[in-house]
S.K.: 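For reference, the structure I am asking about is given below.
We count ligands from 1, going down the list as the structure has it; atoms in each ligand are counted the same way. For the numbers below, each heavy atom of this structure counts, side chains included, while hydrogens, waters and symmetry mates do not.
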Amino acid sequence: MNRNSVVINPLWFLVVAVVWAAGLMATAQAQEVVAVRSEKLELRLETVAAGLEHPWGMAFLPDGRVLVTERPGRLRIAATDGSLSTPLDGVPPVAAGGQGGLLDVALHPGFADNGLVYLSYSEPGEGGNSTAVARGRLDGNALREVEVIFSQQPKFDSSAHFGSRLVFARDGTLFVTLGERFKRRDDAQTLDNHHGKVVRINDDGSVPEGNPFAGRAGALPQIWSIGHRNLQGAALHPQTGELWTHEHGPSGGDEINISRAGHNYGWPVITYGKEYIGGSIGEGTHKAGMEQPLHRWVPSISPSGMLFVDERIPGWQGNLLIGSLKFDQLVRLELDGERVVHEERLLKKELGERIRDVAQGPDGAIYLLTDERKGRLLRLVPAN
Ligand SMILES: [Ca+2]
């Protein structure tokens, strides 16, 4: 036997490699569909777009495409076929690092006429950084006429607890949820700063009528509610129009609240959590003048993203869906008015990725973003 016959011809190696790579690409393009069983219905989970770096927020355009933020500072448009645009021009510079970067995205209620897109992000500046809100007009693959309409005060040197979610209220004002920057938690109880607050502003950043502390000496006029820790989920209740929020507790003590004008949600005076290093915080769990949460998680789930599901998902109508970063789960809550009456944990087995945001698209499907270095946009639909 000729010993040379076992030497692999480089040309054959190339042919084999090309065929193998083509097979891999075909596999990747074929939508992987995973069956998901909820207590209430059977669903299927599909990947819409992959290769997103720590996606954080999403907003659906009228044509079904979706704006997706990537935390390092990029905004992209995902098309219905799963293709991703190049990063849009016009995104402000962000203080990327730790929990900071480009965060939420929302459309103006009059987007169809004015094309306005709102972004929240960690804004670098004198003395550190803070959460800011910018808006710009969407024009093809760019934001034009970009202006910063809100900057959380004061700036602080930290890469933690920025919040933030952007939710337009029915009256056209904009709620922005703001973290207390971790080391500034006592600020959440005082009115001379925006740390640990929900603020309410007009669409141009000015202060609307009806803010509870506007006009009070020493109080920042944008403040709507106080005593929050780090809120990364918020949604308007479909019937009442009130702002429901959740926030990360410390070790234990994640909460759901309804953010109401002038109310104090207690952090860091009352909490159901402990210090990360052990030990109690504040004065206990209850105090006069401070709200009790509607629901709490001990241990913490690390909640992010929040959605009230509508009738297009039969069996889940009126439920609250919340992502869990820590447990790689989608949390489904059944409500009776303002009471949580049942909780189901989903997707841990089927997905196994940190869930950062939850939304319902124009097609009625549930969309998820996963907070991974190679994160994904996923679609969850009833199996039938
Ligand atoms: Ca609280």
S.K.: Minimum heavy-atom separation for L88 to A142, with atom names?
M.R.: CG-N, 4.1 Å
S.K.: Which protein N, O or S atoms lie under 3.0 Å from the Ca ion (ligand 1)?
M.R.: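 Within the sphere that stays under 3.0 Å of the Ca ion (ligand 1), the protein atoms of type N, O or S are E255 OE1, E255 OE2, Y265 O.
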S.K.: Could you list the cluster mates of V269? Members are the ILVMFWY residues connected by side-chain heavy atoms closer than 4.5 Å, either directly or through other members.
M.R.: I270, M290
S.K.: Flag the pair D328 and R354 as a salt bridge only when some basic side-chain nitrogen lies within less than 4.0 angstrom of an acidic carboxylate oxygen.
M.R.: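 Looking at R354 together with D328, the answer is no, because their closest N to O distance does not fall below 4.0 Å.
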S.K.: Side-chain donor-acceptor contacts of residues 52-60 below 3.5 Å, not counting sequence neighbours, with atom names and distances?
M.R.:
{"from": "E53", "atom 1": "OE1", "to": "R74", "atom 2": "NH2", "distance (Å)": "2.7"}
{"from": "H54", "atom 1": "ND1", "to": "D371", "atom 2": "OD1", "distance (Å)": "2.8"}

S.K.: By the rule that ILVMFWY residues connect when side-chain heavy atoms come within less than 4.5 angstrom, directly or transitively, which residues belong alongside I223?
M.R.: L191, F213, L220, I226
S.K.: Using the ring of each side chain (for Trp, its six-membered ring), is Y265 parallel, tilted or perpendicular to H228, with breaks at 30° and 60°?
M.R.: parallel
